[in-house]
Peer 1: 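Below: one structure in structure tokens.
We use all heavy atoms of the structure for the numbers below, so side chains are in, but hydrogens, waters and symmetry mates are not.
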Amino acid sequence: NATGTISVSDYKGNTWTTPLVDITNANGVRLVVLAAYNVAAGNTVVTVTHPSVTARAGGVTQWAGLATSGFDASNSGTTNASTALTSNSATPSTTNQLVVGSGGAEDTNDTGVPTQPAWVTRALGKTGTTGGGAASNIYIISGTEIQTTATARTYNPTLAGAADNAGIIATFKEAAA
């Protein structure tokens with residue numbers, strides 16, 4: 001159960017947002033989305049500062065062609081002891097947006113890879129800790145697509161085993177032509 005401030009920095013000195021989305025389920029599984037826009041070119045090391053927790057998992061993706069401050073819409077949801085993870089739905093305000101779905105789960109037995117929703121065109125995989133009890137076995141999963149219509153999307157993968165979880169969906173506008 002990690003309440004408190006989460007921040008991100010990197011070696012290139014990019015400016016990261018405060019959390020765009022921040023959700024915690026009743027049993028303490030927390031999922032946060034942050035972003036940096038118009039980042040400096042080249043490889044960098046990203047540092048996430050967060051409250052002390054027993055187990056954690058994180059992921060970073062890089063996208064080109066997004067609008068400055070392009071965050072558009074989001075939603076989130078949580079469940080406990082379930083294989084159903086849902087972000088609820090978010091509707092982009094325009095077409096041709098990057099849609100990112102992500103889920104975090106606390107799983108006692110690391111039973112396998114979750115099944116992504118059909119709309120996901122790029123599954124970013126499963127990463128995190130393994131073994132031990134639920135408090136030391138935390139993972140995240142993510143998927144993305146470029147959505148060409150401004151219709152609602154829900155990130156709802158099926159987890160391989162029942163787990164306390166949180167899900168997020170966020171949309172980002174493309175840069176002006």
Peer 1: Which distance, rounded to the nearest 0.5 Å, do you find between the CD of Glu174 and the OG1 of Thr94?
Peer 2: 7.0 Å
Peer 1: Can I get a per-line list of side-chain donor-acceptor pairs under 3.5 Å for residues 67-75, giving both atom names and the distance, sequence neighbours left out?
Peer 2:
residue : atom : partner : partner atom : Å
Thr68   : OG1  : Asn38   : ND2          : 2.5
Asp72   : OD1  : Ser93   : OG           : 2.9
Asp72   : OD2  : Ser93   : N            : 2.7
Asp72   : OD2  : Ser93   : OG           : 3.1
Asp72   : OD2  : Gln97   : NE2          : 2.9
Asn75   : ND2  : Ser89   : O            : 2.8

Peer 1: Walk me through it: do Asp10 and Trp16 pass the test side-chain contact (heavy atoms from CB on, under 4.5 Å)?
Peer 2: CA-CA 9 Å; Asp10 64 46; Trp16 289 79; 2.9 Å; yes
Peer 1: Would a single hydrophobic cluster contain both Leu98 and Leu20, if residues Ile, Leu, Val, Met, Phe, Trp and Tyr are joined by side-chain heavy-atom contacts under 4.5 Å?
Peer 2: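 Yes, one cluster joins them.
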Peer 1: Checking side-chain polar atoms at under 3.5 Å, does Thr79 have a donor or acceptor matched by the opposite partner on Asn165?
Peer 2: yes
Peer 1: Search all heavy atoms of Ala26 against all heavy atoms of Asn80 and return the closest pair with its distance.
Peer 2: CB-ND2, 3.5 Å
Peer 1: What's the shortest heavy-atom distance between Lys12 and Ala41, and which atoms?
Peer 2: NZ-O, 3.1 Å
Peer 1: Kindly work out whether a path of hydrophobic side-chain contacts (I/L/V/M/F/W/Y, heavy atoms less than 4.5 Å apart) joins Val39 to Val60.
Peer 2: no
Peer 1: What are the two closest heavy atoms between Ala162 and Thr83, and how far apart are they?
Peer 2: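 Closest approach of Ala162 to Thr83, heavy atoms only: N-CG2, 3.5 Å.
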Peer 1: Treating Thr44 as the side-chain partner and Tyr11 as the backbone partner, does any N or O pair qualify as donor plus acceptor under 3.5 Å?
Peer 2: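 Side chain of Thr44 to backbone of Tyr11, a donor-acceptor pair under 3.5 Å: yes, one is there.
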Peer 1: Identify the two heavy atoms, one from Val29 and one from Gly104, that lie closest to each other, and give their separation to 0.1 Å.
Peer 2: CG1-O, 3.5 Å
Peer 1: Once side-chain hydrogen bond (donor to acceptor under 3.5 Å, both in side chains) is applied, do any residues pair with Ser76, and if so which ones, sequence neighbours excluded?
Peer 2: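 If we apply the side-chain hydrogen bond (donor to acceptor under 3.5 Å, both in side chains) test to Ser76, skipping adjacent residues, there are no hits.
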Peer 1: Applying ring pair (Phe, Tyr, Trp, His ring centres under 6.0 Å) as the test, list every pair that has at least one member in residues 30-57; sequence neighbours left out.
Peer 2: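 Sorted pair list comes back empty.
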Peer 1: For the residue pair Ile6 and Pro51, what are the closest heavy atoms and their distance?
Peer 2: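 Scanning both residues, the minimum pair turns out to be CG1-CD, 4.1 Å.
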Peer 1: Keeping Ser102 on the side-chain end and Ile168 on the backbone end, is there a donor-acceptor pair under 3.5 Å?
Peer 2: no
Peer 1: Could you tell me whether a side-chain N or O of Thr78 sits under 3.5 Å from a main-chain N or O of Asn25, the two making a donor and an acceptor?
Peer 2: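 No.
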Peer 1: Working to the nearest 0.5 angstrom, can you tell me the gap between Thr144 OG1 and Ile169 CD1?
Peer 2: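 Interatomic distance, Thr144 OG1 to Ile169 CD1, rounded to 0.5 Å: 11.0 Å.
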Peer 1: Measure from the side-chain N and O atoms of Thr91 to the backbone N and O of Arg153, and report whether any donor-acceptor pair falls under 3.5 Å.
Peer 2: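 It does not hold such a pair.
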Peer 1: To check you understand the geometry: which heavy-atom pair defines the closest contact between Leu159 and Ser82, and what is its length?
Peer 2: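 Nearest heavy atoms, Leu159 then Ser82: CD1-O, 3.7 Å.
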Peer 1: Is Val48 linked to Val32 within one hydrophobic cluster, defined over Ile, Leu, Val, Met, Phe, Trp and Tyr using a side-chain heavy-atom separation of less than 4.5 Å?
Peer 2: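 Yes; tracing contacts between hydrophobic side chains, which count when under 4.5 Å, links both residues.
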Peer 1: Got a sec, which residues hit side chain to side chain contact (heavy atoms under 4.5 Å, CB included) with Thr149, two or more places apart in sequence or on another chain?
Peer 2: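 Testing Thr149 for side chain to side chain contact (heavy atoms under 4.5 Å, CB included), a comparison that skips the adjacent residues, returns Gln147, Thr151.
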Peer 1: Which pairs pass salt bridge (charged side-chain N to carboxylate O under 4.0 Å, His left out) with one or both residues in residues 13-28, sequence neighbours excluded?
Peer 2: Asp22-Arg30
Peer 1: Identify, with sequence neighbours excluded, every residue that meets side-chain hydrogen bond (donor to acceptor under 3.5 Å, both in side chains) alongside Asn88.
Peer 2: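 side-chain hydrogen bond (donor to acceptor under 3.5 Å, both in side chains) check on Asn88 returns nothing, list empty.
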